[in-house]
Q: 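Just dropping this structure here.
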2 protein chains.
Amino acid sequence: MFRGSSLWCGDEPVKGATIHDVARAADVSVATVSRTLNGLETVAQGTRDRVLRAAGELDYVPHSGARALSTRRTDTIGVLLPDLHGEFFSELIRGIDLAARARGLHLLLSSSHGNLAEAEAALRSMRSRVDSVIAMMPNAGEQPLASDRHLGVPMVLIGSNGAADAIGSFTIDNFAGAFAITKHLVSSGRSRVAFVTGPADNLEASERLRGYRAAMRSFGSTEWIVHGDFTEESGRRAAAHLTHNDTPDAIFCANDMMAIGCLEALREAGGSVPDDIALAGFDDVPIARYVNPPLTTAAVPIAEIGRQALECCADAIGGGDAGGQRSFQPQLVVRASTSSSSSLRQDHSRPAELGETGS
Amino acid sequence: MFRGSSLWCGDEPVKGATIHDVARAADVSVATVSRTLNGLETVAQGTRDRVLRAAGELDYVPHSGARALSTRRTDTIGVLLPDLHGEFFSELIRGIDLAARARGLHLLLSSSHGNLAEAEAALRSMRSRVDSVIAMMPNAGEQPLASDRHLGVPMVLIGSNGAADAIGSFTIDNFAGAFAITKHLVSSGRSRVAFVTGPADNLEASERLRGYRAAMRSFGSTEWIVHGDFTEESGRRAAAHLTHNDTPDAIFCANDMMAIGCLEALREAGGSVPDDIALAGFDDVPIARYVNPPLTTAAVPIAEIGRQALECCADAIGGGDAGGQRSFQPQLVVRASTSSSSSLRQDHSRPAELGETGS
DNA sequence: TTGAAAGCGTTACCAC
DNA sequence: GTGGTAACGCTTTCAA
């Protein structure tokens, strides 16, 4: 009944040995091989040695599909991101990967390109391939699928506002970060602070806007809002727009890439940062400290978030109930783009814990 | 004999429906369901409709492990990179992902942190989970495992010099790129061109060094070599070293990050780029155009390489023999860091096809 | 301590 | 066209 796997030993391709091959080589039953390799139960020392040797010689690797079929576990975590492009996601993936390899888990990666339908399809097709999922879907109205029930496996969300019945959710306190940046701008003497928004349906973006408004209100300053979409180009456009009409003395962009676009447009227009206009971003992507002048921004511990999200996933499949709604505080990072009196060497600092702001 | 899967219909978790559930709901055999869902053979229109409806209602997703067991295919490509950190890999992954989603393939990601043992372990554990592998292992002496025979699945290499019996290999013509950069430096009037190397055991790095030397020799200039390791910090050290003794009038770093380190160190030391010293890097990572002055470099089509590597993998598992040794030509990108007479707006260009250089 | 055998959810071959 | 059923490679009772 058993069809021996084709195990050629010459210079020909070795199609992976099966547990049966190992059993035969060690002269034991497959059950014993399984027990030995899984460290289960007590297996006689001599038997164990024979099995281990046989497995080693045959370079045996269990078939994960078969194992998944029996155990209902894949030792794989699915990761669904809006995009794989750019420094933010690169950082996030790194954090996730770090934790995953520490736990011996595999990572199944997928991107949805901000498209809800694609995201749902990706999640569906992941169902049987992963034990758990880390997903990031920053657009409003994407909650419906954020459900263990719909997905079939526990899921942890990053950056969404704790939707549906996800097992856990890791968010950035965008409100507090934006509040702190605005406060920094105002308290360093800027009175006309403009804000460049992110995409209208993006949750993070609207929280940042909210933080800006709250701060402006609390300082009795007048709001000044220009629309952007998180792209460098939109930052450039915003700058053009802002310098065309009445000019602000500070621009706070909802993310770093827009701030960088702003910076270039301002430079081209002959404006001086920070002397004429102070400039701040959000995220502290690596580029932020390399532009000239280095960019003041709110740093979010991206990799750390990824790491914790994975830990949460791992705990969840272990049966643990380690879920929860964890919110990370961004740190205000003041660089030369907002402070003219800066020495040249302050570029690499990450100082100033964020001040309290409520919410 | 068949144990119905637990398909609770209340507010309780629905543990994925199986093909048996669908068969029962549609009142047909599992074989028919399988045929219908795989688009195989002819299934009567009415039957097909019933099956499709049942599958839809039950939100049926085939169990990939079971399928892999029968078909010996996982529809997954493994990706093994030295690191997941930084713009280069981010770009590469993006290209791979793009092609993968176009083909409906999943991506299993793993990083080896430059450690050969880890890489081998990762490759082993991928064996049964993927149909094919894309790997990048830039260190010399890592060839041994680059083998279909050892791995069990076809594999395509990126950036290694076409080792072992990989099905395909995608490399960058580092020699030509370095030659072109050096030539550009010399022909724009620089006579004392220093080179900052990458890690000694890195294949790409040594090819770049070779290109530099060949160019210097061909122009009758004297070589001037300082050691680095691809990190920004090593670039900074190299600059300090170079300005301490006799100072060159051009520095060519084996990658962009070192050039950026150089740039900062030079700026701090009060040197002017490009007036006193011209500066060039290699890779054209996104940051390169944001630093001040923007960096002259050799652009490699990173995402495109990833895309083609994946296509190659996909073809390989399709039985096609689309392998081969493809080498990509870097493009010389001249920016302000090497040409003082530059207008402010040239930052975003990607001009100048690379000149022929032999090899 | 070990072996036999029943699944796990699919696909594919062979009858009808 | 359709249904029955033997694999696929592994884990896990249940006996011995």
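By convention in this document, chain letters (A, B, ...) are assigned in the order of the sequence lines, proteins followed by strands, and residues within each chain are numbered from 1.
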Q: Checking contacts here: which listed nucleotide (C:dA4, C:dT11, D:dG9) is nearest the side-chain heavy atoms of B:Thr71?
A: C:dT11

Q: Name the residue closer to the 5' end of DNA chain C, choosing between B:Pro62 and A:Asp27 according to the nucleotide with the nearest heavy atom.
A: A:Asp27

Q: What is the distance from NE2 of B:His63 to C1' of C:dT11, rounded to the nearest Å?
A: 15 Å

Q: Under the rule for side-chain contact (heavy atoms from CB on, under 4.5 Å), what residues qualify as partners of B:Asp49, not counting sequence neighbours?
A: B:Gln45

Q: Take atom CG of A:Asp21 and atom P of D:dG9, then tell me their distance rounded to the nearest Å.
A: 9 Å

Q: Where do A:Leu108 and A:Met126 come nearest, in terms of heavy atoms and distance?
A: O-CE, 3.5 Å

Q: Just by modelled atom types, is the B:Leu40 backbone N or O under 3.5 Å from a matching donor or acceptor in the B:Asn38 side chain?
A: no

Q: Round to a whole Å and report the spacing from NE2 of B:His20 to C1' of D:dT5.
A: 10 Å

Q: Report the nucleotide, chosen from D:dT2, C:dT10, D:dG9, that has the shortest atom-to-atom distance to any side-chain atom of B:Arg67.
A: C:dT10

Q: Rounding to a whole Å, what distance do you find between A:Ile19:CD1 and C:dG7:C1'?
A: 15 Å

Q: Using five base pairs at each end to define the local axes, how bent is the helix from C:dT1-D:dA16 to C:dC16-D:dG1, to the nearest 10°?
A: 40°

Q: Check whether the side chains of B:Asp97 and A:Ser111 place a donor and an acceptor atom closer than 3.5 Å, and report yes or no.
A: yes

Q: How long is the line joining OH of B:Tyr60 and C1' of C:dT11, in whole Å?
A: 10 Å

Q: Would you indicate, yes or no, if D:dG3 has its OP1 or OP2 atom less than 4.0 angstrom from a side-chain nitrogen or oxygen of B:Ser29?
A: yes

Q: OP1 or OP2 of D:dT12 less than 4.0 angstrom from a side-chain nitrogen or oxygen of A:Ser70, does that happen here?
A: no

Q: Strictly below 4.0 Å: does A:Ser34 bring a side-chain N or O up to OP1 or OP2 of D:dT11?
A: yes

Q: Without decimals, in angstroms, what is the distance between A:Arg24 CZ and D:dC10 P?
A: 12 Å

Q: Between D:dC10, D:dG3, D:dT2, which nucleotide gets closest to the side-chain atoms of A:Thr18?
A: D:dC10

Q: Atom CZ of B:Arg72 and atom P of D:dA7: how far apart are they, to the nearest Å?
A: 15 Å

Q: Using side chain to side chain donor-acceptor pair (under 3.5 Å) as the criterion, list what pairs up with A:Ser128, not counting sequence neighbours.
A: B:Ser64

Q: Please state whether the phosphate of D:dT11, meaning OP1 or OP2, lies under 4.0 angstrom from any side-chain nitrogen or oxygen of A:Arg73.
A: no

Q: If you pin A:Ala31 and B:Thr32 to their nearest nucleotides in DNA chain D, which one's is more 5'?
A: B:Thr32

Q: Have a look at B:Leu310 and tell me which of B:Leu98, B:Val79, B:Ile305, B:Leu107 forms a side-chain contact (heavy atoms from CB on, under 4.5 Å) with it.
A: B:Leu107

Q: How would you label the contact of B:Thr47 with the nucleic acid (heavy atoms, under 4.0 Å): base, sugar-phosphate, or nothing?
A: sugar-phosphate

Q: Does A:Val51 reach a base, just sugar-phosphate, or nothing at all? Heavy atoms under 4.0 Å.
A: nothing

Q: Tell me the closest heavy-atom pair linking B:Met155 and B:Ala135, and the distance in Å.
A: CE-CB, 4.0 Å

Q: Closer than 3.5 angstrom, by distance alone: can the side chain of A:Thr76 be matched with the main-chain N or O of A:Thr74 as a donor-acceptor pair?
A: yes

Q: If you check every side-chain atom of B:Val30, which of C:dG9, D:dT11, D:dT5 has the closest atom?
A: D:dT5

Q: Determine whether a donor-acceptor pair (one donor, one acceptor, N or O, separation below 3.5 Å) exists between the side chain of A:Arg35 and the base of C:dG3.
A: yes

Q: What's the CG-P distance between B:Asp75 and C:dT10, to the nearest Å?
A: 14 Å

Q: So A:Ala44, base contact, sugar-phosphate only, or nothing? Heavy-atom distance under 4.0 Å.
A: sugar-phosphate

